Amino acid sequence: MAEEKTWALVSEVGGEHGYLEELADILKQHFRIICYRELLEDPVLHGPKIQVLFMWKYCPAAEPLLLGLLPSLKVVVSGGVGIDHLDVPFINSLGAKVANTPGVVSDSTADLTMGLLLASARKILDGHQIAIDPKTMHIPQSLMGVEVTGSTLGIIGMGEIGYKIAQRSNGFEMKILYHNRTRRNVEDEQAVRASYCESLDDLLRQSDFVVIAVKLTSDTTGLVGHRELSLMKPTATLVNISRGQVVDQDALVKALQSGSIRAAALDVTHPEPLPRDHPLLGLPNVLITPHIGISTYNTARRIVEKMVENALAAVKGLPVPNEVKLQLHNQC
């Protein structure tokens, strides 16, 4: 008789917050998955059977009310690298481990970063709208953009994603500066031709494009505000692919409106999505995408495979490959 599969809780299959069918199939190979809606229909019956909570796009949220329904929980596995949405000490206090999926998200996030940078610099979205407008009879001079090749890129946060961004920037012959809590070794710097800035202020003053690639922590919340934006060149562009809370959005609105900086390209905001009347949505020098840094089929599949790997280790009592350990997370 085949061994019964371990029960695992997911948000849903399909739907706005759910797994694509082909991704759900990967989970089903190893687990008996139950959707959040099914759990709520009979929590007393289903709750004690669940040993794994799989979080996809932050759902289902690992909140105390839900966790209280899962007395047999052994691990919470979150797809992606960020852990700011998880109360790790509280989850650990319940006897459950926490894991994420670093590494597999780095390439797709770095790719999107370059896409945002290029689209903003060369006004690609504006150009598309003009090209398809039935009223267009000529190309306006307002589509003049700024040069990317040979410009100076400042990367705030030289973790794995920041390093991948630096690698890609070499193809554009960019001068690369970076600021980090700890300096990379000389070999790493030489491999991507990056120069370390001990002072964030120096990086901001010199850069034509500033990319934020830090994790959200108490230290990085509000890292870029009025003062930091005022140090940037009026011709500079801010690109944020980390978390919306890293940037003071009110300060960013003022900087964009006043011309203190040229433009912003954002894959993250706070909240997500922004209220429909938020001033950032009405500014012509802002490009916003809806947190799609990891949204490719290949990356999604690798994330789910990594989630399974972590969960299987936890239920078997083995070391969890990507267990979240809080002391390793502060990075800027």
Side-chain angles (χ1 to χ4, degrees), residues 2-42 46-47 49-63 66 70 72-86 96-116 160-161 164 168 241 243 267-268 272-273 289-316 318 320-324:
E3 182 181 355
E4 184 179 352
K5 293 178 180 177
T6 300
W7 281 47
L9 178 65
V10 301
S11 52
E12 57 184 331
V13 177
E16 183 178 354
H17 299 292
Y19 296 78
L20 298 173
E21 290 284 354
E22 56 264 41
L23 300 180
D25 287 343
I26 298 173
L27 300 179
K28 291 175 182 177
Q29 291 175 24
H30 304 276
F31 297 94
R32 158 70 165 89
I33 67 171
I34 177 172
C35 294
Y36 182 62
R37 171 183 48 77
E38 296 175 81
L39 168 66
L40 295 184
E41 288 173 356
D42 198 338
H46 298 317
K49 300 177 183 179
I50 295 169
Q51 296 185 43
V52 177
L53 169 56
F54 285 124
M55 295 183 67
W56 184 257
K57 299 181 179 178
Y58 309 115
C59 295
E63 297 174 344
L66 171 59
L70 312 176
S72 303
L73 187 67
K74 292 186 176 180
V75 66
V76 175
V77 186
S78 181
V81 66
I83 52 117
D84 48 282
H85 57 294
L86 297 168
K97 296 184 176 182
V98 177
N100 59 352
T101 62
V104 295
V105 305
S106 301
D107 281 321
S108 59
T109 304
D111 287 350
L112 183 75
T113 303
M114 298 308 297
L116 287 169
E160 184 165 1
I161 292 174
K164 295 276 188 178
R168 285 152 175 75
I241 51 90
R243 287 292 187 269
D267 187 45
V268 289
E272 293 174 351
T289 50
H291 205 153
I292 57 173
I294 62 175
S295 296
T296 72
Y297 287 107
N298 287 345
T299 294
R301 174 173 287 276
R302 288 195 294 267
I303 288 173
V304 172
E305 291 171 346
K306 182 66 70 173
M307 292 169 73
V308 166
E309 180 184 348
N310 282 296
L312 288 174
V315 299
K316 293 176 181 177
L318 301 173
V320 178
N322 303 116
E323 182 178 357
V324 170

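Given the structure is predicted, the values throughout are model-derived calculations rather than measurements. Start at 1 with the first residue, then count along the sequence.
- In this structure, the side chains of Ile33 and Trp7 stay at 4.5 Å or more apart for every pair of heavy atoms.
- With 3.5 Å as the limit, one finds a donor-acceptor pair spanning the side chains of Asn310 and Asn322.
- A distance of 5.0 Å separates OG of Ser78 from CG of Leu86, quoted to the nearest 0.5 Å.
- Side-chain atoms of Val308 and Ile26, non-hydrogen and from C-beta on, do get closer than 4.5 Å to each other.
- Annotation: side chain of Met55 is in contact with side chain of Val76 (closest heavy-atom distance under 4.5 Å).
- Put simply, the side chain of Thr299 reaches to within 4.5 Å of the side chain of Arg302, judged on heavy atoms.
- Between the side chain of Glu323 and the backbone N or O of Val320 there is no donor-acceptor pair closer than 3.5 Å.
- Not counting sequence neighbours, His291 has no partner by the ring pair (Phe, Tyr, Trp, His ring centres under 6.0 Å) test.
- When only modelled atom types and interatomic distance are considered, Asp267 and Thr289 share a side-chain donor-acceptor pair under 3.5 Å.
- For the pair Leu27 and Tyr19, the minimum side-chain heavy-atom distance is below 4.5 Å.
- Between Val268 and Ile241, every side-chain heavy-atom pair lies at or beyond the 4.5 Å cut-off.
- The shortest distance between side-chain heavy atoms of Asp84 and Arg243 falls below 4.5 Å.
- Note: His46 NE2 to Glu41 CD = 7.0 Å, rounded to the nearest 0.5 Å.
- Note that the OG1 atom of Thr6 and the CG atom of Leu312 stand 7.5 Å from one another [nearest 0.5 Å].
- Without hydrogens or angle criteria, Ser108 side chain to Gly293 main chain gives a donor-acceptor distance under 3.5 Å.
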Might you work through the side chain to side chain contact (heavy atoms under 4.5 Å, CB included) test for Leu70 and Leu9, ending with a clear yes or no? CA-CA 10 Å; Leu70 312 176; Leu9 178 65; 4.3 Å; yes

Please test Val75 against Gln51 for side chain to side chain contact (heavy atoms under 4.5 Å, CB included), starting from the C-alpha separation and ending with a verdict. CA-CA 7 Å; Val75 66; Gln51 296 185 43; over 6 Å; no

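- Panel note: side chain Thr101, backbone Gly80; a donor-acceptor pair is recorded below 3.5 Å.
- No donor-acceptor pair closer than 3.5 Å links the side chain of Lys57 to the backbone N or O of Gly18.
- Proximity of Leu66 to Pro60: side-chain heavy atoms (C-beta onward) are separated by under 4.5 Å at one or more points.
- With rounding to the nearest 0.5 Å, the separation of CD1 in Ile294 from CD1 in Ile303 is 3.5 Å.
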Candidate pair Leu39 and Lys49, rule side chain to side chain contact (heavy atoms under 4.5 Å, CB included), full reasoning: CA-CA 10 Å; Leu39 168 66; Lys49 300 177 183 179; over 6 Å; no

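- In this structure, the ring pair (Phe, Tyr, Trp, His ring centres under 6.0 Å) partners of Tyr58, at least two apart in sequence or on a different chain, are His85.
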